[in-house]
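First up is the structure itself, then whatever we jot down about it.
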Amino acid sequence: MRIVLLGAPGAGKGTVAKMLTDYDGSVQISTGDILRNAVKAGSELGKKAQGFMERGELVPDDLIMDIMEARLQEPDCAKGFLLDGFPRTIPQAEALKKLLVKINLKLDRVINLDVPKDVILDRLTTRRTCSNPDCQEIYNIKSKPPKPDGTCVKCGAPAVQRADETVEAITKRLETYNEKTAPLIDFYKKEGLTTTISSLSSEEIVDQIKKAVK
Ligand code: ADP
Ligand code: ZN
């Protein structure tokens with residue numbers, strides 16, 4: 001399947017994308033993961049992106065489009081892709097539209113994960129992420145804890161709080177989402193692509209997505 005996952009930080013895009021990958025082999029493309037790996041590797045891209053990310057601001061559109069233009073043309077995308085965290089702005093959505101025409105692909109659906117703000121805040125402050133770039137398993141200290149010593153159940157690397165998971169950065173990310181990304185719900189509604197899902201269970205969300213793309 002070829003879908004875009006929209007939703008505030010903490011809405012569950014990453015978790016749902018990982019489950020859908022297991023379901024049909026579509027690749028999860030998370031611009032957040034790509035950028036965090038670039039920061040860790042100290043690459044040119046990482047150096048350009050780091051400050052924006054730590055402040056909870058968006059990385060400039062042209063940097064993101066360079067990444068995505070290359071990424072969407074890699075061979076593993078032939079099985080389908082789940083865009084997690086991209087597009088994030090109207091200009092990115094416009095650029096994606098052009099890019100898809102150029103590579104002759106169509107989106108099946110745009111899934112809008114609609115989660116109440118109190119749930120979002122609670123999830124973000126209790127979230128931990130595996131620090132192994134090849135794993136990046138997501139934990140929650142209340143509902144899905146890492147091992148008692150704080151390491152990842154899957155790979156043993158430390159599960160850590162992200163640099164942008166301070167209260168200030170979280171507040172900023174939510175503001176940025178409302179201002180810059182939420183307008184995409186209507187953008188894709190006009191294209192007849194938006195499906196809004198309000199469930200809080202990832203299993204139920206995945207089921208509804210499978211139905212929506214059929
Ligand atoms: P979340 O959805 O939990 O906020 P992500 O992992 O998707 O986090 O993104 C983390 C950070 O990476 C964002 O706050 C932003 O700085 C940057 N980022 C990720 N994707 C994009 C994008 N498509 N456009 C601009 N910045 C992005
Ligand atoms: Zn791990």
Side-chain angles (χ1 to χ4, degrees), residues 4-18 28-40 45-69 71-72 81-96 99 110-113 115 117 119-140 144-147 149-184:
V4 168
L5 291 163
L6 288 180
K13 300 185 294 291
T15 307
V16 163
K18 289 200 172 77
Q28 174 190 10
I29 303 179
S30 157
T31 40
D33 286 349
I34 294 172
L35 292 167
R36 274 185 293 278
N37 290 340
V39 169
K40 220 172 274 169
L45 169 67
K47 281 179 201 150
K48 286 182 191 154
Q50 186 164 18
F52 296 104
M53 295 175 73
E54 281 173 1
R55 292 189 297 273
E57 292 166 17
L58 291 180
V59 170
D61 290 332
D62 52 339
L63 274 185
I64 299 289
M65 288 319 300
D66 286 349
I67 300 173
M68 289 308 291
E69 173 133 25
R71 185 65 189 90
L72 284 175
F81 49 75
L82 314 159
L83 302 183
D84 160 15
F86 169 85
R88 256 314 210 276
T89 63
I90 296 279
Q92 288 180 20
E94 302 273 16
L96 173 63
L99 174 59
V110 172
I111 305 294
N112 171 36
L113 301 181
V115 176
K117 197 177 164 201
V119 177
I120 294 277
L121 277 175
D122 185 61
R123 282 186 186 167
L124 290 175
T125 46
T126 53
R127 180 153 87 178
R128 299 292 180 275
T129 309
C130 172
S131 56
N132 169 4
D134 295 325
C135 176
Q136 316 212 30
E137 185 71 8
I138 298 162
Y139 293 96
N140 180 291
K144 188 195 169 200
K147 283 197 259 181
D149 65 353
T151 58
C152 174
V153 175
K154 283 197 169 164
C155 79
V160 297
Q161 202 163 10
R162 278 168 31 184
D164 62 358
E165 279 169 357
T166 61
V167 173
E168 291 80 22
I170 290 171
T171 309
K172 178 71 192 166
R173 276 157 65 210
L174 290 174
E175 273 170 27
T176 306
Y177 174 79
N178 287 331
E179 186 191 327
K180 303 264 172 63
T181 310
L184 296 184

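Start at 1 and go down the list; that is how both ligands and their atoms are numbered. Just the heavy atoms: all of them, side chains too, but no hydrogens, waters or symmetry mates, feed the values below.
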Inset, instruction - Could you say whether the N/O atoms of Asp33 and ligand 1 ever approach to under 3.5 Å? - result: no
Inset, instruction - Pull out every atom of ligand 1 sitting under 4.0 Å from any heavy atom of Gln92, numbered as shown with elements. - result: 22 (C), 23 (N), 24 (N), 25 (C)
Legend entry - Shortest reach to atom 7 (O) of ligand 1 by a heavy atom, considering only Lys13, Arg36, Arg88: Arg88
Inset, instruction - Can you pull out the closest protein heavy atom to atom 16 (O) of ligand 1? Residue, atom name and distance to 0.1 Å, please. - result: Glu57 O, 2.5 Å
Legend entry - Side-chain donor/acceptor of Lys40 to backbone N/O of Ser131, under 3.5 Å: yes
Inset, instruction - Any chance you could lay out the salt bridge (charged side-chain N to carboxylate O under 4.0 Å, His left out) test for Lys147 and Asp149, step after step, and finish with the verdict? - result: CA-CA 5 Å; Lys147 283 197 259 181; Asp149 65 353; 5.5 Å; no
Legend entry - Shortest protein contact, atom 11 (C) of ligand 1 (heavy atom only): Met53 CE, 4.0 Å
Legend entry - Main-chain N/O of Gly7 paired to Lys13 side chain as donor or acceptor, under 3.5 Å: yes
Inset, instruction - Kindly indicate, with the supporting measurements, whether the criterion side chain to side chain contact (heavy atoms under 4.5 Å, CB included) is fulfilled by Lys18 and Ile138. - result: CA-CA 10 Å; Lys18 289 200 172 77; Ile138 298 162; 4.1 Å; yes
Legend entry - Test log, rule salt bridge (charged side-chain N to carboxylate O under 4.0 Å, His left out), inputs Lys144 and Glu137: CA-CA 11 Å; Lys144 188 195 169 200; Glu137 185 71 8; 2.6 Å; yes
Inset, instruction - Report the nearest protein non-hydrogen atom to atom 26 (N) of ligand 1: residue, atom name, distance rounded to 0.1 Å. - result: Val59 N, 3.0 Å
Legend entry - Region of Ile64 that comes within reach of ligand 1 [heavy atoms, distance under 4.0 Å]: side chain
Inset, instruction - For Arg127, counting its heavy atoms only, list the atoms of ligand 1 lying under 4.0 Å from any of them. - result: 3 (O)
Inset, instruction - Distance to 0.1 Å, residue and atom name: give those for the protein heavy atom nearest to atom 3 (O) of ligand 1. - result: Arg173 NH2, 2.7 Å
Legend entry - Short N or O distance, Ser30 and ligand 1, threshold 3.5 Å exclusive: no
Inset, instruction - Of the side chain and backbone of Arg162, name the one, both, or neither that has a heavy atom under 4.0 Å from an atom of ligand 1. - result: side chain
Legend entry - Any donor-acceptor N/O pair, Arg128 side chain to Ala159 backbone, under 3.5 Å: no
Inset, instruction - Please confirm whether Phe86 comes within less than 3.5 Å of ligand 1 when only nitrogen or oxygen atoms on both sides are compared. - result: no
Inset, instruction - Check ligand 1 against Leu35 and write out every atom of the ligand that is under 4.0 Å from a heavy-atom position of the residue. - result: 12 (O), 17 (C), 18 (N), 19 (C), 27 (C)
Inset, instruction - Would you please test Ile29 and Phe86 for side chain to side chain contact (heavy atoms under 4.5 Å, CB included) and show each step? - result: CA-CA 8 Å; Ile29 303 179; Phe86 169 85; over 6 Å; no
Inset, instruction - Step by step, work out the side chain to side chain contact (heavy atoms under 4.5 Å, CB included) result for Arg162 and Arg36. - result: CA-CA 10 Å; Arg162 278 168 31 184; Arg36 274 185 293 278; 3.2 Å; yes
Legend entry - atom 21 (C) of ligand 1 [closest protein heavy-atom partner, distance rounded to 0.1 Å]: Thr31 OG1, 3.6 Å
Legend entry - Number of protein N/O/S atoms that sit closer than 2.8 Å to the Zn ion (ligand 2): 4
Legend entry - CA sep, side-chain torsions, deciding dist, call: Leu83, Thr31, side chain to side chain contact (heavy atoms under 4.5 Å, CB included): CA-CA 8 Å; Leu83 302 183; Thr31 40; over 6 Å; no
Legend entry - Contact check: Gly85 vs ligand 1, nitrogen or oxygen atoms, below 3.5 angstrom: yes
